[in-house]
Protein chains: 2
Amino acid sequence: MNDLNTELRDLRLGERLRILRERAGLSQRALAKRANVTNATISLVEADKTNPSVGALRRILDGIPVSLSEFFAFEPEPEQVIFYQAEDLPEIGKGKLSLKRVGNSQFGRAMTILHERYEPGADTGRVMYQHEGEEGGVVVSGRIEVTVGEERRILGPGDGYYFDSRKPHRFRQVGGEPCVIVSACTPPTF
Amino acid sequence: MNDLNTELRDLRLGERLRILRERAGLSQRALAKRANVTNATISLVEADKTNPSVGALRRILDGIPVSLSEFFAFEPEPEQVIFYQAEDLPEIGKGKLSLKRVGNSQFGRAMTILHERYEPGADTGRVMYQHEGEEGGVVVSGRIEVTVGEERRILGPGDGYYFDSRKPHRFRQVGGEPCVIVSACTPPTF
DNA sequence: GCAGAGTGTTAACGATCATGAACGACCTAA
DNA sequence: TTAGGTCGTTCATGATCGTTAACACTCTGC
């Protein structure tokens, strides 16, 4: 019916699913295999030619994986393209802690990405920074002690962290080797 | 059969719907009338004896009224995990491209951080992915060709990028050495 | 006791979905 | 060029959903 079509278009299930699937780098068939449905199902859903059951949609999303709540909460945003050469990145910090920011600190940016280098002895200080947003990162080399709220851990290469920036937090380099981290925080407070 | 039943119980649609409906002070028939479905449908959904279509569920929820995102918002709560050890990070990709995600892909996350490794020959493909949000990152080691829209650059260690994810983009490893990147994207589509 | 109107449940059937198997288009390698 | 692989799409069919129409039960008022 026409009713069905308008309802399907209204939900925009297909558009969203396609975006998520492609972002995950999965073909319809690959996702279908993970999700225990057939590729035809995914094709039809993405084309808004069927109104899937909640269970089927969930199985599909599990394969990506995305939760139903994530799936039904959507949002938009704009910006421009830029590449940055290492030597062009603005250096913010001084001394034992150097920060290189990827991209400018512009309005409308959803986040800021930093390339951080902690020389031996570097410490963001006992003043525990707090600010709106969330932040996370991955340790590339060296070791660092991270304190968030009451929790404290020492992270090494390949380890990661993610927390609400409103929790007080502190980073302190440990060991003899400089520690390099790539991090992101949102919103861009720098 | 039994599979269906476990899936239905797993979703707990019925329980949630009943709670919401009763909170709104509506009988099954009263809600059915508002929602343009029949009382039988609501009865079966609440009893977990059917797996409603997304459209049907939406009509029902509209009658309460509750949005789909609200309805699914009280899904399994994200644990407040902050630190991640390298070996604990879930590996998403396969073959030449491996992705490790820092943290879970849970509702409410502002972004997702990935530790990406491109083996020689790795390529996200000529299908240029597009999705909502923004993304950026820093190359840790190796070299990679990044194409965003009409622009193309080869990035090496320390170089960075940042762009609107709605522009079509592609990553392709170049050179003999594997390429490692730490990236972040928002919103978390993984 | 007995209508009458409310509640939620259930069976049978037509409408719709999910499947399996095709299809053409597009690559890549031989 | 051909063969083999991928990709997304389409169609017929069995499986399942949503509806219609009944059902049993609980009230309330007469």
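Each chain gets a letter, A, B and so on, in the order the sequences are listed, and its residues count up from 1. It should be emphasised that the depicted structure is a prediction, and the values quoted were computed from it without experimental measurement.
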Heavy-atom closest pair, residues [X] and [Y]:
X	Y	value
Gly160(A)	Leu155(A)	O-CD1, 3.8 Å
Gly156(B)	Arg143(B)	CA-CG, 4.3 Å
Glu119(A)	Pro178(A)	OE1-CG, 3.7 Å
Ile144(B)	Val174(B)	N-CG2, 3.9 Å

Checklist entry - Which letters describe nucleotides 24-29 of chain D, given B = protein heavy atom under 4.0 Å from base, S = only from sugar-phosphate, - = neither? => result ------
Could you give the [atom1]-to-[atom2] distance, from [X] to [N], as a whole number of Å?
X	N	atom1	atom2	value
Glu22(B)	dT7(C)	CD	P	12 Å
Arg18(A)	dC7(D)	CZ	P	13 Å
Asn51(B)	dA15(D)	CG	C1'	12 Å
Arg29(A)	dT9(D)	CZ	P	11 Å
Leu26(B)	dG6(C)	CG	C1'	15 Å
Lys49(B)	dT9(C)	NZ	C1'	7 Å
Asp48(A)	dT9(D)	CG	P	11 Å

Taking OP1 and OP2 of [N], is either one under 4.0 Å from a side-chain nitrogen or oxygen of [X]?
X	N	answer
Thr50(A)	dT16(C)	no
Gln28(B)	dT9(C)	yes
Ser27(B)	dT7(C)	yes
Arg59(A)	dC17(C)	no

Tell me whether [X] contacts the main-chain N or O of [Y] through its side chain, where contact means a donor paired with an acceptor under 3.5 Å.
X	Y	answer
Asn51(A)	Gly55(B)	yes
Gln28(B)	Ala30(B)	no
Asp48(A)	Gly14(A)	yes

Item to check | Nearest to side-chain heavy atoms of Arg21(B), which nucleotide of dG8(C), dG18(D), dT10(C) | outcome: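 Looking only at heavy atoms from C-beta outward on Arg21(B), the closest nucleotide is dG8(C).
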Checklist entry - Do any of residues 36-47 of chain B sit with a heavy atom less than 4.0 Å from DNA chain C, and if so which? => result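 Under 4.0 Å from DNA chain C: Asn39(B), Ala40(B), Ser43(B), Leu44(B).
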Item to check | Test item: side-chain donor near acceptor, Arg152(A) and Thr147(A), under 3.5 Å | outcome: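 Present: a donor and an acceptor within the cut-off.
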Next on the checklist: Please list all pairs meeting salt bridge (Lys or Arg N to Asp or Glu O under 4.0 Å) that have one or both residues in residues 32-47 of chain B, counting only residues at least two apart or in different chains.
Outcome noted: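 Qualifying pairs, neighbours excluded: Arg18(B)-Glu46(B), Arg21(B)-Glu46(B).
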